[in-house]
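Keep in mind the model is a prediction, meaning the values are calculated, not measured. By convention in this document, chain letters (A, B, ...) are assigned in the order of the sequence lines, proteins followed by strands, and residues within each chain are numbered from 1. The figures here come from the full heavy-atom set of this structure, side chains too, leaving out hydrogens, waters and symmetry mates.
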2 protein chains.
Amino acid sequence: MNDPKNRSDIPDIIIARLPRYLRVLNLLRESKKTTNSTELGEMLGYSAAQIRKDFSQFGEFGKQGTGYNIDFLIVKLQEILQVNRTWDVVLIGIGNLGKAVLNYRGFEKQGFFIRGAFDDDPAVKGQIIGNRPIQDLSNLESFIKEFDIRIAMIATPASEAQAVADLLVSYGIKAILTYASTILNLPADIHVEYSDPIVSLQHIAYYL
Amino acid sequence: MNDPKNRSDIPDIIIARLPRYLRVLNLLRESKKTTNSTELGEMLGYSAAQIRKDFSQFGEFGKQGTGYNIDFLIVKLQEILQVNRTWDVVLIGIGNLGKAVLNYRGFEKQGFFIRGAFDDDPAVKGQIIGNRPIQDLSNLESFIKEFDIRIAMIATPASEAQAVADLLVSYGIKAILTYASTILNLPADIHVEYSDPIVSLQHIAYYL
DNA sequence: ACGTGTGAATTTCTTCACAGCC
DNA sequence: GGCTGTGAAGAAATTCACACGT
């Protein structure tokens with residue numbers, strides 16, 4: 001048996017698949033108790049071997065002959081990803097998209113709580129959206145520090161995203177999910193994820 | 001010199017990077033005429049060699065000693081991705097997110113025109129959002145066929161996404177961008193992209 | 001018999017390093 | 001001198017295939 005490895009030894013390409021596993025497990029959980037690598041592979045378009053290899057990086061989660069207990073596997077994957085707890089998040093940029101984000105309940109269902117919403121625009125400042133008041137950017141630093149927040153979401157126009165990201169990093173933010181359609185230039189220890197539908201559409205256009 | 005390869009010979013991992021290249025090129029274009037693989041690599045976090053290798057799959061786009069002409073490179077990448085034209089798109093699901101999508105101008109700036117917006121909910125049906133009337137799903141088939149639409153975006157709740165996707169495919173849709181937080185089970189020739197912020201947040205949580 | 005976990009084999013992806021052209 | 005394009009080398013990811021536990 002393999003010892004579970006040091007966190008930093010595990011390639012990101014595997015980490016990136018773990019949330020996908022959680023997605024299908026959450027789907028399967030509604031109708032059954034156990035699953036196996038073949039079933040998971042078919043649902044995700046991966047090979048069964050790959051799924052077993054991925055899990056084996058972290059321990060032995062299955063039983064020969066039986067497969068994986070779904071609830072148990074979910075717990076283990078949540079532990080690995082550190083999502084077996086809640087995280088506080090700040091959101092910068094309250095345009096159409098920011099408002100949709102504030103009104104969406106899905107984040108907190110998965111443990112991500114948008115604690116603060118910020119925008120400079122006088123037209124939205126002070127409004128209450130999805131129960132949260134829109135605050136001025138001048139409150140951002142103290143807010144992040146008071147609640148020890150490490151994750152930020154950026155939903156500003158592309159033109160402001162870099163400046164906002166620089167601010168966030170200077171205030172201690174460690175991970176950013178940005179919806180802005182521009183590449184951010186940040187220190188290497190800051191983890192950035194891009195959610196850019198144009199990139200996705202351009203990708204699928206190739207195959208049409 | 002390498003012959004440009006058959007489309008299907010080129011690995012998807014390279015295709016997936018092309019839209020990223022376009023992103024930084026659009027940024028660079030504002031301030032300069034040419035760039036090179038080192039600069040592009042630094043901005044994207046890739047090695048210079050990888051960028052040259054990627055481009056070399058499709059032809060010779062650079063000049064020794066000079067680098068790449070930005071405008072020319074943009075044109076070539078757009079050709080490859082088939083985004084040197086416009087595409088019509090339908091959007092299903094007009095909740096908070098769907099409305100934000102309809103009001104966002106960024107899609108058409110990149111050539112993706114949301115021609116039709118559909119939802120079953122009587123509360124939104126008939127409304128005009130971002131200049132487009134919200135239509136009943138019963139119009140969907142004829143709409144897709146009349147305008148020969150191949151791309152759909154799904155912004156429904158997760159619980160309805162699979163049923164909507166099945167419908168879309170049966171009407172001839174070939175590519176889907178879904179915001180719904182569930183895995184879709186579709187024929188292999190349908191290209192699906194997921195835009196799921198929870199997956200992204202769970203991914204970065206690992207590194208906190 | 002079923003299905004995991006895993007070394008070994010294979011395939012794919014990335015980097016190296018340099019000839020060649022501007 | 002600067003920088004591309006690219007074979008060859010090297011690294012990484014995936015798949016194979018089977019021993020072993022249930």
Reckon B:Tyr68 has a side-chain N or O less than 4.0 Å from the OP1 or OP2 of D:dG5? yes

State, without any angle test, whether B:Asp12 and A:Tyr206 hold a side-chain donor-acceptor pair at a distance under 3.5 Å. no

Are A:Tyr179 and A:Tyr194, when compared by the centres of their aromatic rings, separated by less than 6.0 Å? no

Distance, rounded to the nearest Å, where A:Phe58 contributes CZ and C:dT4 contributes C1': 17 Å

Calculate the interatomic distance between B:Ile10 atom CD1 and C:dC13 atom C1'; express it in whole Å. 15 Å

Between CD1 of B:Ile70 and P of D:dT4 the distance, given in whole Å, is 12 Å

Expressed in angstrom and rounded to an integer, what is the separation of A:Asp54 atom CG from D:dA12 atom P? 17 Å

Judged by each residue's nearest nucleotide on DNA chain D, which is more toward the 5′ side, B:Phe55 or A:Arg17? B:Phe55

Expressed in angstrom and rounded to an integer, what is the separation of A:Ile14 atom CD1 from D:dT15 atom P? 12 Å

Atom CD of A:Glu60 and atom P of D:dT22: how far apart are they, to the nearest Å? 10 Å

Output yes when at least one side-chain N/O atom of A:Ser37 is less than 4.0 Å from OP1 or OP2 of C:dT4, else no. yes

Side chains of B:Phe112 and A:Gln202: does their closest heavy-atom pair fall under 4.5 Å? yes

Does the pair B:Asp71/B:Lys33 count as a salt bridge with the N-to-O cut at 4.0 Å? yes

Minimal heavy-atom distance between A:Asp166 and A:Asn185, with the atoms involved, is OD1-O, 4.1 Å

Detail all sub-3.5 Å separations between protein N/O atoms and N/O atoms belonging to nucleotides 16-21 of chain D.
unit_1, atom_1, unit_2, atom_2, d
D:dA17, N6, A:Arg52, NH2, 3.1
D:dG21, O4', A:Gln64, NE2, 3.2
D:dG21, N2, A:Gln64, O, 3.4
D:dG21, N2, A:Gly65, N, 3.1

Between B:Ile13 and A:Thr35, name the one whose nearest nucleotide on DNA chain C is closer to the 5' end. A:Thr35

Kindly assign one of parallel, tilted or perpendicular to the pair A:His191 and B:Tyr207, based on the angle between their ring planes and the thresholds 30° and 60°. parallel

Distance check needed: D:dT14 C1' versus A:Gln57 CD, whole Å only. 12 Å

Round to a whole Å and report the spacing from CD of B:Gln50 to P of C:dT12. 17 Å

With heavy atoms under 4.0 Å as the rule, sort A:Tyr46 into base, sugar-phosphate or nothing. nothing

Close side-chain approach of A:Tyr171 and A:Phe143, heavy atoms under 4.5 Å: no

